[in-house]
Amino acid sequence: MKKLLRNPLSMVGLLLLLGFILVAVFAPWIAPTPEMYANTPYRVPRYGWGTTPEPPSAEHPMGLTQGKYDIFYGIVWGTRTAFQVGIIVTGLSCLIGIVVGSISAYVGGKFDEVVMRFVDVFMSFPFLIAAIVITTILGRGLDKVIIALVIFRWTGYARLIRGNVLQVKQEEYIMAARAGGVSHGKIVLRHILPNTIFPVLIQASMNMGSIVVTASTLSFLGLGAPEGHADWGQMISFARNWILGTPDNPLAYWYAVVWPGLAIVLFVLSWNLIGDAFRDIMDPRIQG
């Protein structure tokens, strides 16, 4: 913890992440939900039906995007959506990958070969293209996005934990545990995983940002969150026709693109900085 706090880049990442956490926790107070949307707080309020975005004002600090959706409300509540997708996808993918990879490596032999060929099949598909295909088949919705991302995200964790387990299971303390009659389950849970799981957790922290970017990409393409749902990718999608502004002023509608884009950039940056810091602290090769 001392090394983490002494690292300037990790402190920047921690402060950024803390800021997003505070925004997500206090979203109902930062951007109160109108009474007509009381039962659906994640639905971005509309203030008209026009197609042209409106610049920031006292009533709408970040302006209105296409369809008169409030950008500020979408950014604030979209923070909750980003954490929801990122944590669920990372948690489930990491859990599946750890279970599959550790069991495969510990059992070894033909079983390991079969499991790894199965993993290779999933890893052979381009991740984003595969996610687009799955969401197209399942239909639109954040739950469909989560399913699609989990299906093709666990393989990297399985590969990583497998390599670590193959190395650790040959250590003398593992052989001593076997000789002492310790069950295979206890060996994996109490002796192998505690000494192999840290690289997986570091990888998971660095993947949080990329998962949010992928989910935002699917929403931008119209395959993610339903229309009007507080999601950063969809907020950028509303601005796709106004990115170039007008012939006289290319930056006329900058606010429709910059605010949601900046939220995605800072969110990804915070997780990447924290992941890099954890890697530098926990990797003995870098310390050496």
Side-chain angles (χ1 to χ4, degrees), residues 12-86 140-142 145 209 212-271:
V12 173
L14 284 173
L15 291 176
L16 287 173
L17 183 59
L18 179 61
F20 280 110
I21 292 174
L22 293 176
V23 170
V25 171
F26 295 102
W29 293 272
I30 298 174
T33 304
E35 292 184 5
M36 61 183 301
Y37 297 104
N39 296 326
T40 55
Y42 284 92
R43 186 170 182 82
V44 183
R46 301 186 73 167
Y47 297 90
W49 301 94
T51 58
T52 305
E54 293 186 9
S57 61
E59 186 178 358
H60 308 290
M62 293 184 178
L64 300 177
T65 188
Q66 177 178 306
K68 304 305 178 182
Y69 289 100
D70 190 349
I71 299 176
F72 179 74
Y73 191 95
I75 297 296
V76 172
W77 284 86
T79 306
R80 287 192 170 191
T81 303
F83 275 111
Q84 177 185 353
V85 173
R140 192 171 186 175
L142 282 178
V145 171
V212 172
V213 170
T214 304
S216 299
T217 301
L218 295 175
S219 295
F220 178 83
L221 296 175
L223 301 173
E227 184 175 353
H229 191 88
D231 181 84
W232 294 338
Q234 187 168 169
M235 299 304 294
I236 296 179
S237 177
F238 290 146
R240 70 170 71 191
N241 297 325
W242 310 96
I243 293 176
L244 299 179
T246 63
D248 298 332
N249 185 8
L251 301 178
Y253 306 108
W254 63 270
Y255 50 88
V257 181
V258 169
W259 295 124
L262 186 63
I264 295 175
V265 169
L266 294 179
F267 189 85
V268 174
L269 180 63
S270 66
W271 284 106

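Only this structure's heavy atoms are used, side chains among them; waters, hydrogens and symmetry mates stay out. Computed from a predicted structure; not experimentally measured.
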4.5 Å side-chain heavy-atom contact, Leu266 and Phe20: yes
May I ask you to decide if the ring planes of Phe83 and Trp271 are parallel, tilted or perpendicular, using 30° and 60° as cut-offs? perpendicular
Residue pairs involving residues 51-66 (criterion side-chain hydrogen bond (donor to acceptor under 3.5 Å, both in side chains); sequence neighbours excluded): Glu54-Lys68, Gln66-Asn241, Gln66-Trp242
Give me each pair satisfying side-chain hydrogen bond (donor to acceptor under 3.5 Å, both in side chains) with a member in residues 15-37, each pair once, sequence neighbours excluded. Thr33-Tyr73
With a 6.0 Å cut-off (strictly less than), is the heavy-atom count around CG of Leu18, excluding the residue itself, greater than 12? yes
Can any side-chain N or O of [X] pair as donor or acceptor with the backbone N or O of [Y] at less than 3.5 Å?
X      : Y      : answer
Ser270 : Leu16  : no
Thr217 : Val213 : yes
Trp232 : Gly261 : no

Closest non-hydrogen atom pair, [X] against [Y]:
X      : Y      : answer
Asp70  : Tyr47  : CB-CE1, 3.9 Å
Met235 : Ile71  : CE-CA, 3.6 Å
Gly67  : Arg46  : O-NE, 3.0 Å
Thr79  : Ala24  : CG2-CB, 3.9 Å
Arg140 : Gln234 : NH2-OE1, 4.2 Å
Ala31  : Trp77  : O-NE1, 3.0 Å

Which distance, rounded to the nearest 0.5 Å, do you find between the CG of Leu262 and the CH2 of Trp259? 7.0 Å
Give the table of side-chain donor-acceptor pairs shorter than 3.5 Å for residues 218-226, with sequence neighbours excluded, one pair per line with atom names and distance.
{"unit_1": "Ser219", "atom_1": "OG", "unit_2": "Ala215", "atom_2": "O", "d": "3.3"}
{"unit_1": "Ser219", "atom_1": "OG", "unit_2": "Ala225", "atom_2": "N", "d": "3.2"}
{"unit_1": "Ser219", "atom_1": "OG", "unit_2": "Asp231", "atom_2": "OD2", "d": "3.0"}

